[in-house]
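Naming convention: chains lettered A, B, ... in sequence-line order (proteins, then strands); numbering from 1 in each chain. Computed from a predicted model, the values in this text were never measured in an experiment.
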Number of protein chains: 2
Amino acid sequence: MTHPAAEITGSLEVIKAACRKAGIKLTAQRLEVFREVADSTDHPNAETVYLGVQKRLPTVSLDTVYRTLWLLEDLGLITTLGPHRGSTRFEANLKPHHHYVCTRCGMTRDLYHEDFDRISVPAEAHSFGTVQTTQVEIRGVCTHCTETTSERRSKGPVRE
Amino acid sequence: MTHPAAEITGSLEVIKAACRKAGIKLTAQRLEVFREVADSTDHPNAETVYLGVQKRLPTVSLDTVYRTLWLLEDLGLITTLGPHRGSTRFEANLKPHHHYVCTRCGMTRDLYHEDFDRISVPAEAHSFGTVQTTQVEIRGVCTHCTETTSERRSKGPVRE
DNA sequence: TTAGGTGCAAATTCTTTGCACCCTG
DNA sequence: CAGGGTGCAAAGAATTTGCACCTAA
């Protein structure tokens with residue numbers, strides 16, 4: 001699944017500006033890793049991002065993907081989600097949105113709901129630090145897991 | 001930090017009922033693992049829970065702690081949070097509450113705010129599956145990280 | 001009694017690190 | 001051309017698994 005070309009071009013500008021601002025180099029790897037995350041509507045883990053980037057940069061290494069993902073999170077360009085079979089998942093921060101998460105299998109879906117975007121932050125939160133984003137996470141058991149009724153997770157998280 | 005005795009006793013009833021309902025055995029390990037999580041106001045990882053349980057059950061093994069934690073999550077008695085230096089953190093589901101999370105260091109604090117407890121779930125969410133809980137997650141940079149200004153995370157997540 | 005649960009230790013899986021070479025600014 | 005960035009390969013951490021013994025129901 002792919003975003004419109006205009007948005008991808010937008011991402012390019014976003015990361016260029018962010019690197020300049022942070023005083024770090026803009027490399028092909030950084031560009032492609034960000035593009036890969038911004039270009040997916042699901043929530044890829046490091047391995048998946050690596051495979052995607054590899055199509056454009058065949059010599060890229062998995063460790064660079066990791067380093068770049070953490071860097072981008074640090075720059076505020078992407079966000080991490082809870083783990084999926086032990087591996088962290090990432091998503092681009094392009095628009096305000098929220099999540100539905102299955103507690104049984106870990107399936108995660110984006111949810112767009114304007115009411116949630118307008119939630120006001122309690123004073124207490126400001127005492128902890130700055131506020132960048134406010135997200136609502138709805139947890140439950142997805143329809144797929146509900147259908148396979150008695151099937152309980154036996155050995156650790158079998159996710160999404 | 002400890003909850004009042006009444007709440008701990010309450011946890012005992014909670015897990016007894018849950019095991020009976022799920023048709024699984026109530027073992028000392030399950031009881032103590034749940035108690036350990038319910039008894040902490042911070043967000044322990046598997047290792048920390050293990051160390052705590054070990055004080056009461058010296059022969060408990062780390063793998064049993066893992067198995068039990070996932071089981072309890074499955075039963076809906078505890079919830080997982082995002083990773084902290086790669087390891088998943090857990091918390092008991094005793095009361096509705098929300099989180100402040102530092103995107104720089106991963107520090108997580110509970111937030112009690114009745115307005116958030118009353119948030120209404122959009123119809124779209126129900127199409128994904130059942131709805132158990134709705135939590136608000138506020139992300140930002142905590143005061144500690146803000147003070148150590150230019151210090152950017154260089155090598156992976158250095159959390160909390 | 002007896003199937004589910006546990007402990008142990010080895011195996012996997014995910015992520016990080018040290019170092020020498022490369023390339024952006 | 002200088003210092004940050006990358007690739008490689010090996011290390012390290014977190015979590016899972018197979019199996020034989022144990023114990024709650």
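- Separating the CG atom of L71(A) from the P atom of dG5(D) is a distance of 8 Å, rounded to the nearest angstrom.
- Regarding contacts with the backbone of dA13(D), every side-chain N or O of S87(B) stays at 4.0 angstrom or more from both OP1 and OP2.
- Put simply, the side chain of T130(A) gets close to the backbone of V141(B): a donor and an acceptor are under 3.5 Å apart.
- Applying the side chain to side chain contact (heavy atoms under 4.5 Å, CB included) rule to T134(B) yields the partners V136(A), I138(A), I119(B), V121(B), V131(B); only residues at least two apart in sequence or on another chain are considered.
- In this model, the phosphate group of dT15(D) is approached by a side-chain N or O of Y66(B) to a distance below 4.0 Å at OP1 or OP2.
- Distance L81(B) CG to dA14(D) P: 17 Å, rounded to the nearest Å.
- Checked against salt bridge (charged side-chain N to carboxylate O under 4.0 Å, His left out), E91(A) has no partners two or more places apart in sequence or in another chain.
- Separating the NZ atom of K21(A) from the C1' atom of dG25(C) is a distance of 20 Å, rounded to the nearest angstrom.
- When the salt bridge (charged side-chain N to carboxylate O under 4.0 Å, His left out) test is applied to R56(A), the partners found at least two apart in sequence or on another chain are E32(A).
- Between the P atom of dG4(C) and the CZ atom of R20(B) lies a distance of 19 Å, rounded to the nearest Å.
- With sequence neighbours excluded, the residues satisfying ring pair (Phe, Tyr, Trp, His ring centres under 6.0 Å) with F128(A) are Y100(B).
- For the helix from dT1(C)-dA25(D) to dG25(C)-dC1(D), the angle separating the two terminal helix axes comes to 50°, with each axis derived from five pairs and the value rounded to 10°.
- Listed by chain and number, the residues in a salt bridge (charged side-chain N to carboxylate O under 4.0 Å, His left out) with D115(A) are R118(A) (sequence neighbours excluded).
- No donor-acceptor pair closer than 3.5 Å links the side chain of T68(A) to the backbone N or O of R30(A).
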Pairs under 3.5 Å (N/O, protein and nucleotides 10-12 of chain C):
none

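- Proximity note for D63(A) (side chain, C-beta onward) versus dG7(C), dG18(C), dT6(C): the nearest is dG18(C).
- Judged by distance alone, the side chain of S40(B) and the main-chain N or O of E36(B) form a donor-acceptor pair under 3.5 Å.
- Proximity of W70(A) to the phosphate of dT15(C): no side-chain N or O atom is located under 4.0 Å from OP1 or OP2.
- Within residues 44-62 of chain A, the residues approached by DNA chain C to less than 4.0 Å at the level of any non-hydrogen atom are L62(A), in residue-number order.
- Rounded to whole Å, atom P of dG7(C) lies 12 Å from atom CD of E32(B).
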Taking only nitrogen or oxygen atoms into account, show me every contact under 3.5 Å that the protein makes with nucleotides 19-24 of chain D, one pair per line with its distance.
| unit_1 | atom_1 | unit_2 | atom_2 | d |
| --- | --- | --- | --- | --- |
| dA24(D) | N3 | K25(B) | NZ | 3.4 |

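- Scored by the side chain to side chain contact (heavy atoms under 4.5 Å, CB included) test, S61(B) finds D63(B), T64(B) as partners (sequence neighbours excluded).
- In terms of phosphate contacts, Q29(A) brings no side-chain nitrogen or oxygen within less than 4.0 Å of OP1 or OP2 of dC23(C).
- When all heavy atoms are compared, the tightest approach of V53(A) to V33(A) is CG2-CA, 3.8 Å.
- Shown here are the ring pair (Phe, Tyr, Trp, His ring centres under 6.0 Å) partners of H99(A), two or more places apart in sequence or in another chain: H43(A), H97(A).
- Residues L69(A) and E73(A) are not in side-chain contact: their nearest non-hydrogen atoms beyond the backbone lie 4.5 Å or more apart.
- With sequence neighbours left out, the ring pair (Phe, Tyr, Trp, His ring centres under 6.0 Å) criterion links Y50(A) to no other residue.
- Residues R139(B) and T79(A) bring no donor and acceptor atom of their side chains to less than 3.5 Å of each other.
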